[in-house]
Novice: 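For reference, the structure I am asking about is given below.
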Amino acid sequence: TLDLASLASIKSFVDIFLSKYDRLDVLVNNAGIMACPYAKTQDGFEIQFGSNHLGHFYLMRLLTPLLIQTAEATGKPSRFVSLSSGAASANGMGVGYAEIRFDNLMWENTEYSIIKAYQQSKLANYLHAMEAARRYPADQLISVAVHPGWVRTNLDVHIVRRIFGDGFIGQTVANWIRYFFSWKGDSINAVDGAQTTLHCILEDSAKMESGAFYSQFGIYTDPELCPGAWPYKKSINPEHATPENAEKLWEISDKLVGL
């Protein structure tokens with residue numbers, strides 16, 4: 001098993017994986033949590049930043065040598081896909097653009113916002129891919145970020161519980177609202193939600209843009225972003241999704257995970 005809220009668990013998983021396999025063509029950092037109550041990982045990190053970003057970051061850093069080795073052996077670039085979200089921009093969550101709070105990454109100096117903390121972790125996922133693209137040439141590793149769309153999963157469990165409670169009536173109302181957004185066309189099923197990731201894995205490498213943001217349609221504040229794109233040609237977050245922030249976050253993340 002792999003627990004992204006534990007650096008020791010991640011290291012153990014990688015050690016076992018490397019003892020069994022000598023090839024890795026694709027790494028998709030897909031797991032995540034959203035808008036959960038304040039908590040800390042086993043290593044003392046704020047739970048959303050720690051699990052969604054730092055856990056995935058550590059996993060990728062430990063497996064990158066094998067990704068590069070595989071590219072050299074096959075003559076084809078390996079691929080790294082970082083599952084981000086429309087929340088890395090400004091979207092229907094209604095709290096503005098995501099930002100990295102470099103002076104308060106763990107929310108120790110201000111009131112905790114479950115949504116802004118989630119946004120920070122998802123912007124971090126994008127910046128991770130952006131900086132990986134700068135550090136590793138595209139003929140060895142193609143690194144991209146993905147918004148899969150508003151996919152009908154239990155990712156919203158904490159928001160639903162916060163609004164409607166755990167009771168039968170509350171859960172019934174929540175399910176009807178989910179059905180409404182599905183009928184309306186805003187949310188999609190898991191198969192449709194996987195398409196952008198699959199595109200980034202299977203598309204001819206010559207047609208891929210390392211460091212870019214690939215998106216299913218989404219509920220973005222900017223109407224130009226709403227249709228989605230493979231990839232976007234404009235920034236989804238001009239002020240905060242910058243090369244400077246990507247490099248800074250990588251260096252800080254390295255220190256936080258002990259690399």
Side-chain angles (χ1 to χ4, degrees), residues 1-33 41-43 45 49-85 121-122 124-148 151 153 155 190-191 193-214 230 246 249-251 253-259:
T1 60
L2 171 60
D3 181 359
L4 288 166
S6 166
L7 297 182
S9 174
I10 296 166
K11 182 61 166 60
S12 175
F13 169 83
V14 171
D15 287 345
I16 294 171
F17 184 89
L18 295 178
S19 71
K20 294 183 176 181
Y21 304 102
D22 61 2
R23 175 171 177 168
L24 180 61
D25 296 89
V26 178
L27 174 63
V28 181
N29 284 356
N30 184 73
I33 54 177
T41 68
Q42 293 185 23
D43 303 284
F45 307 132
F49 186 76
S51 300
N52 291 349
H53 169 59
L54 289 175
H56 282 124
F57 178 84
Y58 188 48
L59 177 67
M60 181 268 190
R61 291 283 279 114
L62 295 180
L63 289 174
T64 296
L66 184 55
L67 287 166
I68 300 300
Q69 175 185 312
T70 301
E72 293 172 345
T74 62
K76 299 178 181 179
S78 297
R79 312 220 180 178
F80 165 54
V81 181
S82 178
L83 263 289
S84 180
S85 166
S121 72
K122 293 290 101 180
N125 293 150
Y126 178 23
L127 296 179
H128 182 190
M130 184 186 297
E131 180 64 7
R134 187 185 73 84
R135 291 176 179 250
Y136 304 104
D139 61 349
Q140 292 185 332
L141 185 65
I142 295 172
S143 303
V144 298
V146 162
H147 170 46
V151 185
T153 69
L155 188 65
V191 172
Q195 296 310 302
T196 305
T197 298
L198 290 172
H199 171 81
C200 292
I201 294 171
L202 300 172
E203 177 64 286
D204 189 299
S205 60
K207 298 180 180 179
M208 291 296 295
E209 183 179 338
S210 193
F213 194 94
Y214 288 72
W230 290 354
L249 179 64
W250 184 290
E251 293 173 351
S253 300
D254 258 352
K255 293 178 181 178
L256 287 173
V257 301
L259 294 175

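One-based numbering along the sequence shown. This one's a predicted model, so the numbers in the text were calculated from it and none came from an experiment.
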Novice: Nearest 0.5 Å please: distance from the CG atom of Leu24 over to the OG atom of Ser78.
Specialist: 6.5 Å

Novice: If the condition is salt bridge (Lys or Arg N to Asp or Glu O under 4.0 Å), which residues does Asp3 pass it with, not counting sequence neighbours?
Specialist: none

Novice: Is Tyr58 close to Lys11 at the side-chain level, that is, under 4.5 Å between some pair of heavy atoms?
Specialist: yes

Novice: Kindly indicate whether the side chain of Leu2, heavy atoms from C-beta on, has any atom under 4.5 Å from the side chain of Ser9.
Specialist: yes

Novice: CZ/Phe13 to CG/Leu4 distance, rounded to the nearest 0.5 angstrom?
Specialist: 9.5 Å

Novice: What are the two closest non-hydrogen atoms of Val146 and Phe213, and how far apart are they?
Specialist: C-CZ, 4.5 Å

Novice: Using atom types as modelled and distance alone, determine if a side-chain donor or acceptor of Thr70 lies under 3.5 Å from a backbone N or O of Leu66.
Specialist: yes

Novice: Please name the pair of heavy atoms, one in Ser84 and one in Lys122, separated by the smallest distance, quoted to 0.1 Å.
Specialist: OG-O, 2.7 Å

Novice: Taking Arg61 for its side chain and Asp254 for its backbone only, find out whether a donor-acceptor pair lies under 3.5 Å.
Specialist: no

Novice: Is the closest side-chain heavy-atom distance between His53 and Phe45 below 4.5 Å?
Specialist: no

Novice: Which pair of heavy atoms, one from Met130 and one from Ala246, lies closest together, and at what distance?
Specialist: SD-CB, 3.9 Å

Novice: Mind checking whether Leu54 and Thr41 have side chains closer than 4.5 Å, heavy atoms only?
Specialist: no

Novice: Is it the case that the side chain of Asn52 and the backbone of Ser121 share a donor-acceptor pair, with hydrogens and angles ignored and the cut-off at 3.5 Å?
Specialist: no

Novice: Sub-3.5 Å donor-acceptor pair from the side chain of His128 to the main-chain atoms of Ala124, do we have one?
Specialist: no

Novice: Work out which heavy atom in Asp204 is nearest to a heavy atom in Arg79; give both atom names and the distance.
Specialist: C-NH2, 3.9 Å

Novice: What's the separation between atom CD in Glu203 and atom OG1 in Thr196, rounded to the nearest 0.5 Å?
Specialist: 12.5 Å

Novice: Could you state the interatomic distance from CG (Leu249) to OH (Tyr126), rounded to the nearest 0.5 Å?
Specialist: 13.5 Å

Novice: To check you understand the geometry: which heavy-atom pair defines the closest contact between Ser143 and Ser210, and what is its length?
Specialist: N-OG, 3.0 Å

Novice: Say you draw a straight line from CD of Gln69 to CG of Asp22; how long is it, rounded to the nearest 0.5 Å?
Specialist: 7.0 Å

Novice: Does some side-chain heavy atom of Trp250 sit less than 4.5 Å from a side-chain heavy atom of Arg134?
Specialist: no

Novice: Nearest heavy-atom pair of Leu27 and Met60: which atoms, and what distance?
Specialist: CD2-CA, 3.7 Å

Novice: Should Leu83 and Asn125 count as side-chain neighbours, where that means a heavy-atom distance under 4.5 Å?
Specialist: no

Novice: Within a strict 4.5 Å, meaning less than it, do heavy atoms of the Leu67 and Tyr136 side chains meet?
Specialist: no

Novice: With side chains defined as the heavy atoms from C-beta onward, is the minimum distance between Leu18 and Leu63 less than 4.5 Å?
Specialist: yes

Novice: Does Arg23, at its CZ atom, have more than 12 non-hydrogen atoms belonging to other residues, nucleotides or ligands within less than 6.0 Å?
Specialist: no

Novice: So, taking the atom named CD in Glu209 and the one named CH2 in Trp230, what distance separates them when rounded to the nearest 0.5 Å?
Specialist: 15.0 Å

